[in-house]
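For reference, the structure discussed in these notes is given below.
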Amino acid sequence: MTPESCVALFERFAGARKEPEGLMTLRREAIARFSELGFPTQKLEDWKYTGLKPVVEHAFELAPESQALPAVRQLAERVIFKEALKSHVVFIDGVYSKELSTLPRVGPGAGVGSLWNALRIEPERVLKHLGRYGLCGADAFTALNTAFYRDGAFIYLPAGTSLEELVQIVYISLASSPGTMTQPRTLVVAEDESRARLVETYVTLGDGPSLTNAVTEIYLGPGAGVVHYRVQEESLTGYHIGSTHVWQGADSTFSSFSVATGALLAKTSTRVILGEEHSGARLMGLYLAHGGQHLDNQTFISHAKPHTTSRQLYKGILDGNSTAVFNGKIIVEREAQKTDALQKNKTLLLSDRASCDTRPQLEIFADDVKCAHGAAVGELDAQALFYLKSRGMGDDSARGLLTEGFAHEVIDDILIEGLKARVSSMLRQKFFNGGRARHGEVDG
Amino acid sequence: MKPVERLVNQEYQYGFVTNVEAETAPRGLSEDIIRFISDKKHEPSFMLEWRLRAYRQWLKMSEPAWPNVLYPKIDYKDIIYYSAPKKRSDGPKSLEEVDQEILATYEKLGIPLEEQKRLAGVAVDAVFDSVSVATTFKETLAKAGVIFCSFSEAVEKHPDLVKKYLGTVVPHTDNFYASLNSAVFSDGSFVYVPNGVRCPMELSTYFRINAADTGQFERTLIIADEGAYVSYLEGCTAPLRDKNQLHAAVVELVALEGAEIKYSTVQNWYPGDKEGKGGIYNFVTKRGKCAGASSKISWTQVETGSAITWKYPSVILQGDNSVGEFYSAALTNNYQQADTGTKMIHIGKNTRSTIISKGIAAGHGRNTYRGLVKVMPGATGARNYTQCDSLLMGSRASANTFPYIEVKNRTAQVEHEATTSKIGEDQLFYCMARGLSGEDAVSMIVNGFCKEVFGHLPMEFAVEATKLLNVSLEGSVG
C-alpha cells in the first residue's frame with residue numbers, strides 16, 4: 001500500500017457513497033492530509049520502535065459488505081459479556097449489523113447505535129463533535145480512518161443521563177484473503193454530569209491478513225464520567241492500529257483500560273487532553289505478547305489546565321520472540337499549576353528472545369506540580385521462585401503463579417466480571433499452555 | 001526581591017578577556033585549513049589523513065535536529081577553527097616560558113599552574129583557546145610511568161598509542177560534531193596509565209576560550225591499562241561575549257581489564273546574559289569503553305554554564321562484570337538550555353550501571369534529561385538503576401525527561417524513576433523558622449537535592465561545585 005494507492009482506493013470508495021456534502025469535504029481533506037503525511041516511518045519519534053514494513057507492503061482492499069454468517073454470529077455470541085447481553089452494538093467489517101446488535105433502552109434524547117445512521121438523521125449533532133478530538137492533522141492513521149470509515153458506534157448522553165447498563169461495541173473483521181482493511185470509527189459524547197461504561201472489543205474471524213485502523217473519540221462535558229475498556233484480541237495474522245482521543249471538561253473523570261493480546265503487529269494509543277480544571281484521567285493497560293507478536297502501546301496526556309490529575313499503569317508480559325513498546329508522554333502546560341501526574345510501566349520478560357523498549361517521558365512547563373514516572377523491565381524474581389519451589393510447587397506452576405500475580409495488579413482494576421475472567425483466561429492460555437494453544441482466536 | 005531570586009541573579013565571574021597575541025587560522029573550513037592546522041602541529045601523515053577522512057565524512061552529514069534546544073543556525077563558515085597564543089619558538093618548554101598574561105589568567109580563575117602554589121596532588125594541563133599551554137607535575141607522573149601531556153605532544157612522542165586508541169570509542173564518523181572535531185581538533189589532553197599503576201595524583205585539565213569568533217575543539221584521550229586507576233578532572237570558563245561561540249569537544253576513555261577511570265567535569269562556560277544573549281554552545285561527545293572485564297568508568301558532571309549544552313557522556317559496557325556510572329547535576333538559569341544525559345550500552349555479562357541525574361531549571365531555563373539504557377541479547381545478568389529528578393524554580397522554566405530503555409535480555413533488571421517538583425513553601429518555611437536566611441535556605445535545599453552527585457566529586461571540586469551552583473542560581477528563584 002502506498003499513499004497513492006490509498007488515494008486511488010479513496011476515489012473508488014467516495015464515488016460509491018451518497019453522503020452529506022459536509023462529510024465528504026471532511027473526507028477529502030483527510031485523504032489529502034494522509035497523502036501528504038504518508039505512512040509513518042521509524043524516523044518519527046512516535047514510531048521509533050515500530051516498523052510498518054509488513055503493513056505497507058501488503059495491498060489491502062476495502063472489505064465488501066458482509067452478511068451475518070452463522071460463524072460470525074457464534075463469534076459475536078462468544079465475545080459478548082453477560083453484563084452487556086441487552087446492550088451491544090456489533091459491526092462486521094466496519095458495517096453496522098442490525099441483526100446481531102441489541103440496543104439498550106435509553107432515556108429521552110440519549111442514543112446508542114450506528115454512527116452512520118445518526119449522521120443521516122441528525123448530521124449537525126454528530127458533526128459538532130466528530131473529528132474535533134481525533135485530529136487528523138498530524139496523525140496519518142487518523143486521517144486515513146477519517147477518509148474511509150463506513151460506520152462505527154455513536155453514543156450520545158444528554159446532560160444528567162446515566163447509562164445503567166454496560167454498553168459493548170464489537171468490531172468483527174472477516175480476515176479473508178487477499179486481505180482487507182476496515183476503519184471503524186467510534187464517537188462518544190457525554191454531556192454534563194452524564195455517566196457511562198463502555199467496552200470496545202476487536203476480534204477477527206479467519207486467518208487471512210487484515211488491517212484494522214480504528215479511531216475512537218470521546219468527549220466529556222463538565223462533571224461527566226466515562227469508563228472505557230478496550231480489548232484487542234484480533235487474530236495473529238492481522239495488523240491493528242487503534243487510537244482513542246479524549247477531551248475532558250471541568251471536573252470530569254475518565255477511566256481507560258486497554259488490553260492488547262491479539263494481532264501480529266499492533267499499536268494502540270490513548271491521547272487524553274485534560275482541557276479544564278479539576279479533570280482527572282486514569283489509564284490502565286495490559287499487553288500480552290508471544291510468538292512473533294509486536295505490541296506497541298502509546299499514551300499521551302496533556303495537562304492543559306490547573307488542578308488536573310492523571311494516573312497511568314501499563315504492564316506487559318512477553319514470551320517467545322515477541323517485542324513490545326511503551327511510549328508514554330505527559331505534558332504539563334505552563335498554565336497547569338498544581339498538576340499531579342504519575343506514570344508507571346512494568347514489563348516482564350519470560351523468554352530469552354523477547355525484548356522490549358520503553359520510553360516514559362515528561363515534559364513540564366509549570367513549576368508547582370507533582371510529577372513522577374517509573375519504568376522497570378526484568379524477569380521473574382529468582383527468590384520468589386525459589387520460595388515457591390521450596391514449598392513443593394513445580395517450576396511451571398510457580399512461574400504461572402508469579403506471572404498471574406504480576407498481571408493482577410492491573411486485572412484487579414477491571415470492574416466487569418466477564419472481562420476480568422476473560423483476561424485471566426487469555427493470560428493462562430497464552431503463557432501456560434505451552435504457548436501453542438489457539439492464541440488470538442476467541443474461545444470463551 | 002525574594003531570597004531565591006537574589007541568589008539566582010549573580011553575575012558570571014569569569015567573563016574577562018586576556019590580551020594575548022594570537023595566531024589564528026583564517027575564518028571558515030576547508031581541506032586547506034585542516035592541512036594548516038595539521039601542519040602547525042607538525043603532525044605525522046596518519047593524523048592528517050584521519051582528519052581529512054573525518055572532514056569528508058562531515059561534509060556529508062547534517063546537524064542533528066532532535067535535541068530539545070532552540071538556537072539560530074550556526075554558520076560553520078564563519079568560525080575560526082584555530083587560535084593559539086603566539087609562541088616564542090616551538091611552544092613553552094617550562095612554566096617560565098609561558099606567557100605571563102596567560103599565567104595571570106589562570107591565576108585569576110583560581111587554577112594554580114605554578115606547582116608550589118597548588119593544592120597538593122593535582123596535576124594540571126591548561127588549554128588556552130585551542131592549545132595546551134602548560135602541564136604541571138610531569139616529572140612526578142613520569143616516575144610512576146603515567147603519561148600526561150597535551151594531545152599534540154602525545155602525537156609527537158607516543159604516536160603508537162595515539163594511533164592504536166584514537167577513534168576507537170568515538171569514531172570519526174560518529175556524529176556531526178564529533179566528525180567536525182575529528183577534522184579540526186587542535187589540542188587537548190592525553191593520559192596513559194600503564195598496567196597496574198594507580199595514578200599518584202588527580203589529573204586535571206582546565207579549558208579556557210579566550211579569542212573571539214573562535215570555536216574550541218579539543219580532544220581528550222584517556223587510556224587506563226590493565227588494573228590501572230586514574231581520576232581526571234576538567235573545568236571550563238570563557239569570557240563574556242555577545243556572540244555565541246561553539247565548543248565541540250570529544251572525550252574518549254578506554255578502560256582495559258580491571259582498570260578504573262573516574263572522570264569529573266565542572267562545566268562553567270559563559271552562559272550568556274540575562275536576556276539569553278551570547279554564551280557558549282557546548283556540543284560535546286563523551287564516551288568511555290569498558291573494554292576489559294571488571295573495568296569501571298564513572299562520569300560525574302556539574303553543568304552550570306553554557307547557553308546550550310548537548311552532551312551525553314556514555315559508557316559501552318563491553319567487558320564482563322564491568323561497571324558504568326553517571327552522576328549529573330545540571331542547572332539552567334535565565335535562557336540556558338541543556339539537553340543532557342547518558343547512554344549505557346550493556347554488552348558484557350553481569351554488567352552494571354547507575355544513573356543519577358539532577359536537573360534544576362530556573363528563570364526561562366529549559367532542562368532536558370535524555371538517556372538510553374540498552375541491554376544487548378548477550379548481556380545476561382545486566383543491571384541498571386536510573387533516577388532522574390528535576391527541580392523547577394519559577395514558572396517560566398521547563399523540565400523534560402526522555403529516557404529510552406531497550407531490553408533484549410530477559411535476565412536484565414532495569415529500573416527507571418523520575419520525579420519533578422519545586423521547592424516547597426513548607427520546606428523554606430521550616431528552614432527560615434530555624435533562623436536561616438531565605439537565600440541560605442534555598443541554597444541548602446538545592447545542595448541537598450544535588451548531594452548524591454556532589455558526593456562523587458573529588459573534594460576540591462565538590463567545594464567548587466557547591467559554590468558554583470549558588471552563584472549560578474542567584475536571583476532565579478521565586
Side-chain angles (χ1 to χ4, degrees), chain A residues 43-45 48-49 316-319 321 323-382, chain B residues 65-66 68 359 361-378 380-425 477-478:
Chain A
K43 284 193 179 148
L44 295 172
E45 277 292 288
K48 185 176 163 69
Y49 297 114
I317 304 174
L318 313 181
D319 203 354
N321 54 359
T323 48
V325 182
F326 176 75
N327 249 316
K329 190 176 225 168
I330 298 173
I331 294 190
V332 180
E333 301 291 352
R334 184 137 284 149
E335 203 184 321
Q337 298 292 1
K338 307 280 177 198
T339 283
D340 182 356
L342 183 66
Q343 178 193 64
K344 265 202 263 179
N345 170 238
K346 289 183 183 179
T347 312
L348 180 62
L349 301 179
L350 294 179
S351 107
D352 288 331
R353 288 161 299 136
S355 72
C356 86
D357 300 305
T358 166
R359 224 157 50 106
Q361 307 184 60
L362 294 175
E363 270 188 67
I364 297 164
F365 298 94
D367 67 333
D368 191 4
V369 300
K370 224 168 78 186
C371 292
H373 69 189
V377 182
E379 60 174 345
L380 290 172
D381 181 27
Chain B
W66 50 263
N68 189 22
H364 289 78
R366 184 195 274 248
N367 205 324
T368 303
Y369 167 83
R370 187 188 301 274
L372 168 69
V373 175
K374 188 168 192 167
V375 179
M376 304 298 278
T380 305
R383 179 87 179 81
N384 163 268
Y385 174 73
T386 303
Q387 190 187 335
C388 313
D389 297 326
S390 307
L391 192 64
L392 285 155
M393 300 168 120
S395 54
R396 312 302 296 173
S398 70
N400 308 305
T401 316
F402 300 138
Y404 294 68
I405 301 165
E406 304 178 10
V407 182
K408 305 211 180 316
N409 185 304
R410 77 163 156 154
T411 59
Q413 253 193 76
V414 179
E415 287 169 85
H416 173 97
E417 281 175 37
T419 62
T420 302
S421 52
K422 68 178 252 175
I423 295 182
E425 289 297 322
V477 201

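Just so it is clear: chains get the letters A, B, ... in the order the sequence lines come, proteins before strands, and each one is counted from 1.
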Exercise. Heavy-atom distance under 4.5 Å to chain A: side chain of B/P377, backbone, both or neither?
Worked result: neither
Exercise. Rounded to the nearest 0.5 Å, how far apart are CZ of B/R410 and OG of A/S355?
Worked result: 13.5 Å
Problem set entry | Portion of A/Y49 that has a non-hydrogen atom of chain B nearer than 4.5 angstrom | side chain
Exercise. Do A/H373 and B/H416 pass the side chain to side chain contact (heavy atoms under 4.5 Å, CB included) test, and can you show the C-alpha distance, the side-chain angles, and the key distance before you say yes or no?
Worked result: CA-CA 8 Å; A/H373 69 189; B/H416 173 97; 2.9 Å; yes
Problem set entry | B/I405 CD1 to A/D357 CG distance, which is reported to the nearest 0.5 Å | 9.5 Å
Exercise. In Å, rounded to the nearest 0.5 Å, how long is the span from CD of A/Q343 to OG1 of B/T401?
Worked result: 10.0 Å
For this session: Answer yes or no: does atom NZ of B/K408 have more than 12 heavy-atom neighbours from other residues, nucleotides or ligands under 6.0 Å?
Result: yes
Problem set entry | Which portion of A/T347 sits near chain B, non-hydrogen atoms under 4.5 angstrom | neither
Problem set entry | Atom group of A/L350 that falls short of 4.5 Å from chain B, counting heavy atoms | backbone
Exercise. Taking the side chain as C-beta and beyond, is there a heavy-atom pair between B/V407 and A/L349 under 4.5 Å?
Worked result: yes
Problem set entry | Interface residue of largest heavy-atom contact number with chain B, from A/L348, A/D368, A/V325, under 4.5 Å | A/D368
Exercise. Which value, rounded to the nearest 0.5 Å, describes the distance between B/F402 atom CZ and A/L362 atom CG?
Worked result: 9.0 Å
Problem set entry | Rounded distance (nearest 0.5 Å) linking atom CZ of A/F365 with atom CZ of B/R396 | 11.0 Å
For this session: Name the option with the most non-hydrogen atom pairs under 4.5 Å to chain B; the candidates are A/A372, A/A366, A/A382, A/A375.
Result: A/A375
Exercise. How many angstroms lie between atom CD of A/Q361 and atom OH of B/Y404, to the nearest 0.5 angstrom?
Worked result: 5.5 Å
Seminar exercise, completed: Interface check, chain A: of B/S398, B/S390, B/A418, B/A397, most non-hydrogen pairs under 4.5 Å belong to B/A418
For this session: Would you mind telling me which of A/P360, A/A376, A/A341 has the largest number of heavy-atom pairs within less than 4.5 Å of chain B?
Result: A/P360
Seminar exercise, completed: Residue from A/K344, A/R334, A/E45, A/K370 scoring the most non-hydrogen pairs under 4.5 Å with chain B is A/R334
Exercise. Where on B/R366 is there a heavy atom nearer than 4.5 Å to chain A: the side chain, the backbone, both, or neither?
Worked result: neither
Exercise. Which residue out of B/S395, B/A412, B/A382, B/C388 racks up the most heavy-atom pairs below 4.5 Å with chain A?
Worked result: B/S395
